[in-house]
Amino acid sequence: MSWQRTTVASLLVCAAGGALLWRGTDGFHALTSEQARRRAIATSPRLVPVIDLEDQDGRRFTLAAYQGAPLVVDFIYTQCVSVCTLLSAGFQRLDRAEQSRSAHGDERLQLVSISFDPRDTPDRLRDYASRYQADGRSWRSARVRDARELVALLRAFGIVVIADGRGDFQHNAAIHVLDARGRLARVLDVGAEPSDVARVLSAVQR
């Protein structure tokens with residue numbers, strides 16, 4: 001009968017769609033590609049490339065220099081007036097919480113904000129850092145020295161940047177936690193509070 005054939009066909013379509021959804025969402029554990037990315041990183045931390053960076057004071061360094069202790073990284077550009085301001089305000093709260101914690105003798109968490117905008121010179125980075133009272137030591141603002149290496153760094157962290165043709169960028173934003181081995185171990189929401197970061201740090205240091 002036609003209705004039976006229609007029912008069977010509908011069931012087959014649903015089954016095929018369910019199988020695709022299962023694969024695409026990591027067994028229904030993640031309903032978006034971003035959630036899937038974060039779950040994959042938490043399950044299997046990623047090595048990040050050794051890229052030459054330059055901070056707001058012109059000092060050269062790499063993220064590998066921080067190995068031995070956790071590190072928190074975000075990606076911004078100094079002319080951003082949207083999501084970057086949320087990221088930097090969150091880093092400011094985290095930096096202040098770390099100031100209080102280190103006053104009691106605890107080791108202070110290090111923060112690095114990396115610009116993906118080739119126009120961001122050390123002078124611009126210094127001005128940006130000053131808006132959020134970043135001291136340039138425990139919280140550094142930096143750029144990639146060689147623009148050819150920027151793509152590899154963004155890919156490793158899962159950052160997508162699209163120029164809008166008017167001098168601004170569309171980009172995804174998150175807080176990235178590197179473990180003491182220098183691996184990308186967790187990805188947190190832009191609005192993560194210091195207490196959220198502390199819980200993640202406790203988990204990755206086990």
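These numbers come from the heavy atoms of this one structure, side chains and all, not from hydrogens, waters or symmetry mates. Quantities reported herein were computed from a predicted structural model and do not represent experimental measurements.
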Would you mind checking if R124 and D127 are paired as a salt bridge, meaning a charged N to carboxylate O distance below 4.0 Å?
no
On a heavy-atom basis, the closest approach of A156 and P49 is CB-CD, 3.4 Å
Tested for side-chain contact (heavy atoms from CB on, under 4.5 Å) against L63, the lone hit among L184, I51, V50, L53 is L53
Heavy-atom nearest pair, V190 first then A173, reads CG2-O, 3.4 Å
Quick one: does S88's side chain have a donor or acceptor within less than 3.5 Å of a partner on T85's backbone?
no
dist D74:CG -> I175:CD1 (nearest 0.5 Å) comes out at 7.0 Å
* **Beyond-backbone contact of L94 with L109, side-chain heavy atoms, under 4.5 angstrom** => yes
Review point. Does H171 reach the side chain of V160, with side-chain heavy atoms less than 4.5 Å apart?
Key: no
Is the backbone N or O of W139 less than 3.5 Å from a side-chain atom of D135, with the two atoms forming a donor-acceptor pair by type? yes
Exercise for review: Is it possible for you to say whether F169 and L125 belong to one hydrophobic cluster, with membership spreading through side-chain heavy-atom contacts below 4.5 Å?
Suggested key: no
- Query: Should R126 and D57 be marked as a side chain to side chain contact (heavy atoms under 4.5 Å, CB included) after you check the CA-CA gap, both sets of side-chain angles, and the distance that decides it?
  - Reply: CA-CA 7 Å; R126 191 180 310 112; D57 295 316; 3.6 Å; yes
All heavy atoms of R131 vs all of T78, minimum pair found to be NH2-O, 3.4 Å
### Query
Any chance CD of Q170 has more than 12 other-residue heavy atoms, nucleotides or ligands included, within less than 6.0 Å?
no
Self-check item: Side-chain ion pair, D179 and R181, N-O less than 4.0 Å
Solution: no
Q.
salt bridge (Lys or Arg N to Asp or Glu O under 4.0 Å) for D146 and R148? Distances and angles first, verdict last.
A. CA-CA 5 Å; D146 186 342; R148 294 171 297 182; 2.9 Å; yes
Worksheet item: Considering only heavy atoms from C-beta outward, does the side chain of Y128 approach that of I76 to under 4.5 Å?
Response: yes
Kindly indicate whether the side chain of Y77, heavy atoms from C-beta on, has any atom under 4.5 Å from the side chain of C84. yes
task: Would you please indicate yes or no on a ring centroid separation below 6.0 angstrom for F91 and Y132?
output: no
Taking the basic N atoms (NZ, or NE/NH1/NH2) and the acidic carboxylate oxygens, is any pair closer than 4.0 Å for R166 and D168?
no
What one should report as the nearest heavy-atom pair of G158 and R37 is CA-NH1, 3.7 Å
Side chain to side chain donor-acceptor pair (under 3.5 Å) evaluation trace for R143 with S115: CA-CA 5 Å; R143 65 174 184 167; S115 171; over 6 Å; no
Mutual orientation of the aromatic rings belonging to Y66 and F61 [parallel < 30°, tilted 30-60°, perpendicular > 60°]:
perpendicular
Quick one: are R199 and S195 in side-chain contact, heavy atoms under 4.5 Å? yes
Quick one: does any side-chain atom of D55 pair with a main-chain N or O of S141 as donor and acceptor, under 3.5 Å? no
Heavy atoms of R119 and D117 approach each other most closely as NH2-OD2, 2.7 Å
| task | Report yes if some heavy atom in the side chain of I114 is under 4.5 Å from a heavy atom in the side chain of L153; otherwise report no. | result | yes
Do R186 and I41 have side chains that get closer than 4.5 Å, going by heavy atoms? no
Quiz item: Any link between I159 and V187 through a network of hydrophobic side chains (Ile, Leu, Val, Met, Phe, Trp, Tyr) touching at under 4.5 Å?
Solution: yes
Worksheet item: Which is it for R59 and E54 under the salt bridge (Lys or Arg N to Asp or Glu O under 4.0 Å) test, yes or no, and what are the steps along the way?
Response: CA-CA 5 Å; R59 296 172 298 184; E54 180 180 32; over 6 Å; no
Contacts satisfying ring pair (Phe, Tyr, Trp, His ring centres under 6.0 Å) that involve residues 143-164 (not counting sequence neighbours) are F75-F157, F157-H176
- Any Lys/Arg nitrogen of D95 or R108 sitting under 4.0 Å from an Asp/Glu carboxylate oxygen of the other? yes
Please check if the side chain of T43 supplies one atom and the backbone of R39 the other of a donor-acceptor pair under 3.5 Å.
yes
In terms of heavy-atom contacts, D52 and E149 come closest through N-OE1, 3.7 Å
- prompt: Is there side-chain contact between L201 and V177, with at least one heavy-atom pair below 4.5 Å?
  reply: yes
Exercise. With the threshold set at 4.0 Å, does a side-chain nitrogen-carboxylate oxygen contact exist between R38 and D189?
Worked result: yes
Output for pair (Q56 CD, D123 CG), nearest 0.5 Å, gives 11.0 Å
When rounded to the nearest 0.5 Å, the distance separating CZ of R140 from CG of L71 is 10.0 Å
Taken to the nearest 0.5 Å, the spacing of R137 CZ from L111 CG works out to 13.0 Å
